[in-house]
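Only one structure is covered here, and it is reproduced in the block below.
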Amino acid sequence: MFSSRLILNTPHYDQLTQLVELDRICLGGLWTKRGYQRELDNPNSSLLVLSIEFGSIIGCSCFWAILEEAHIALLMIHPDYQGQGLGQLLLYRLLKKAANCNLERATLEVQVSNQSALAVYKKIGFQLVGRRKSYYQKTGEDALILWRGNLDRPQFREDLSHWWSYISGRLSKYNWLILETGNEQVEK
Ligand SMILES: CC(C)(COP(=O)(O)OP(=O)(O)OC[C@H]1O[C@@H](n2cnc3c(N)ncnc32)[C@H](O)[C@@H]1OP(=O)(O)O)[C@@H](O)C(=O)NCCC(=O)NCCS
């Protein structure tokens with residue numbers, strides 16, 4: 001069976017226009033090109049993009065390292081590629097990087113109605129710790145605040161390993177193969 005090859009890497013400046021377009025499709029235009037450029041230039045920001053080899057960018061994620069916390073600022077997969085395990089792949093790689101940076105916790109905000117995002121976060125042990133009323137200006141929807149602690153504990157490495165088995169099964173099912181190329185070493 002023919003596999004499609006995926007590349008995970010830190011974006012290059014010449015990919016920013018594509019990223020802004022993906023952002024518009026997935027998030028309704030959260031960050032501008034200048035915003036992505038700022039993230040690339042910020043040493044405390046970790047951006048990761050997922051592209052099809054010789055093709056377009058189909059996903060992106062980002063965290064900010066603030067003190068001992070990873071603030072997950074962005075997670076998106078192009079709608080044509082959702083539901084195949086790719087969102088979990090990006091979150092897996094992001095949290096692995098956060099753990100490698102010796103961060104202790106991860107946190108994020110998510111819309112109450114965002115069931116697929118909540119499903120992804122709960123799989124890796126994020127827990128609900130709070131709620132911000134009418135947080136999203138466009139919709140007036142509340143945000144849930146999620147936390148995942150213990151990134152610095154040995155148990156987290158085991159959790160990641162179990163999660164990786166699950167994700168790699170999903171990727172195989174959809175004939176995705178991850179390439180260890182680009183500037184972001186793919187660790188398993
Ligand atoms: C959130 C997002 C990144 C998930 O990406 P994805 O590639 O579809 O995620 P995955 O395929 O890895 O996993 C999705 C999981 O959610 C589950 N799911 C999807 N819709 C669901 C629903 N309505 N209710 C419950 N679970 C749902 C899927 O079944 C899957 O779990 P599984 O592995 O047990 O089947 C993607 O939907 C997206 O980009 N959304 C728009 C941007 C966004 O909202 N980002 C999050 C901001 S906090």
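Remember, it's 1-based here, ligands and their atoms both numbered in the order they're listed.
Under the 4.0 Å distance rule, the nearest protein heavy atom to atom 28 (C) of ligand 1 falls outside the cut-off. In this structure, atom 8 (O) of ligand 1 has a protein heavy-atom contact shorter than 4.0 Å.
Remark: the backbone N or O of Asp80 is paired with a side-chain donor or acceptor of His78 at under 3.5 angstrom. With hydrogens and angles disregarded, no donor-acceptor distance shorter than 3.5 Å links the side chain of Ser51 to the backbone of Glu53.
Per-residue contacts place Leu86 under 4.0 angstrom from the following atoms of ligand 1 (heavy atoms of the residue considered): 7 (O), 12 (O). Residue contact check: Tyr166 has heavy atoms under 4.0 Å from atoms 32 (P), 33 (O), 34 (O), 35 (O) of ligand 1. Interface atoms of ligand 1 facing Leu27, defined by a heavy-atom separation under 4.0 Å, are 42 (C), 43 (C). Remark: ligand 1 atoms within the under-4.0 Å shell around heavy atoms of Gly83 are 6 (P), 7 (O), 8 (O), 11 (O). Against a heavy-atom cut-off of under 4.0 Å, Ala117 is close to the following atoms of ligand 1: 1 (C), 46 (C). Which parts of ligand 1 touch Gly87 is read off a 4.0 Å heavy-atom cut-off, strictly below it: atoms 5 (O), 6 (P), 7 (O), 9 (O), 12 (O). Taking a cut-off of under 4.0 Å to the non-hydrogen atoms of Ala119, the atoms of ligand 1 that pass are 16 (O), 17 (C), 26 (N). Residue Glu109 has at least one heavy-atom neighbour below 4.0 Å for each of these atoms of ligand 1: 48 (S).
In plain terms, the two heavy atoms of Leu90 and Met76 that are nearest each other are CD1-O, 3.9 Å. The shortest non-hydrogen separation linking Leu40 to His12 is CD1-C, 4.4 Å. Minimum interatomic distance between Gly87 and Leu75 (heavy atoms only, all atoms of both residues): O-CD1, 3.9 Å. When every heavy atom of Arg131 is checked against every heavy atom of Leu144, the shortest pair comes out as NH1-CD2, 3.8 Å.
Here the shortest heavy-atom distance to atom 10 (P) of ligand 1, taken over His78, Gln88, Gln82, Met76, belongs to Gln88. Checking Leu75, Ile77, Leu108, Asn114 against atom 44 (O) of ligand 1, the nearest heavy atom belongs to Asn114.
Distances shorter than 4.0 angstrom occur between a heavy atom of Lys123 and an atom of ligand 1.
Ranking the protein heavy atoms by distance from atom 4 (C) of ligand 1 puts Val120 CG2, 4.1 Å first. Protein heavy atom nearest atom 22 (C) of ligand 1, with residue, atom name and distance: Gln115 CB, 3.4 Å. Distance from atom 19 (C) of ligand 1 to its nearest protein heavy atom, with residue and atom name: Ser116 CB, 3.4 Å. The closest protein non-hydrogen atom to atom 11 (O) of ligand 1 is Gly85 N, 2.9 Å. Nearest to atom 48 (S) of ligand 1 among the protein's heavy atoms is Tyr121 OH, 3.4 Å. Residue, atom and distance of the protein heavy atom nearest to atom 41 (C) of ligand 1 are Cys26 O, 3.6 Å. Looking from atom 33 (O) of ligand 1 to the surrounding protein, the closest heavy atom is Arg170 NH1, 2.3 Å.
Ring-centre distance between Trp147 and Phe126: not below the 6.0 Å cut-off.
Side-chain contact check for Gln155 and Asp159: at least one donor-acceptor pair (N or O, by modelled atom type) lies under 3.5 Å. In the model, Asp41 has no side-chain atom that pairs as donor or acceptor with a side-chain atom of Tyr36 under 3.5 Å. Counted by atom type alone, Asp142 and Tyr136 present zero donor-acceptor pairs between their side chains at under 3.5 Å.
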Next item on the list: Would you sort out whether Tyr135 and Glu109 count as a side chain to side chain donor-acceptor pair (under 3.5 Å), showing the intermediate values?
Entry: CA-CA 9 Å; Tyr135 182 75; Glu109 278 114 13; 3.2 Å; yes

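Note: Trp64 and Trp31 have parallel aromatic rings, judged against thresholds of 30 and 60 degrees for the angle between ring planes.
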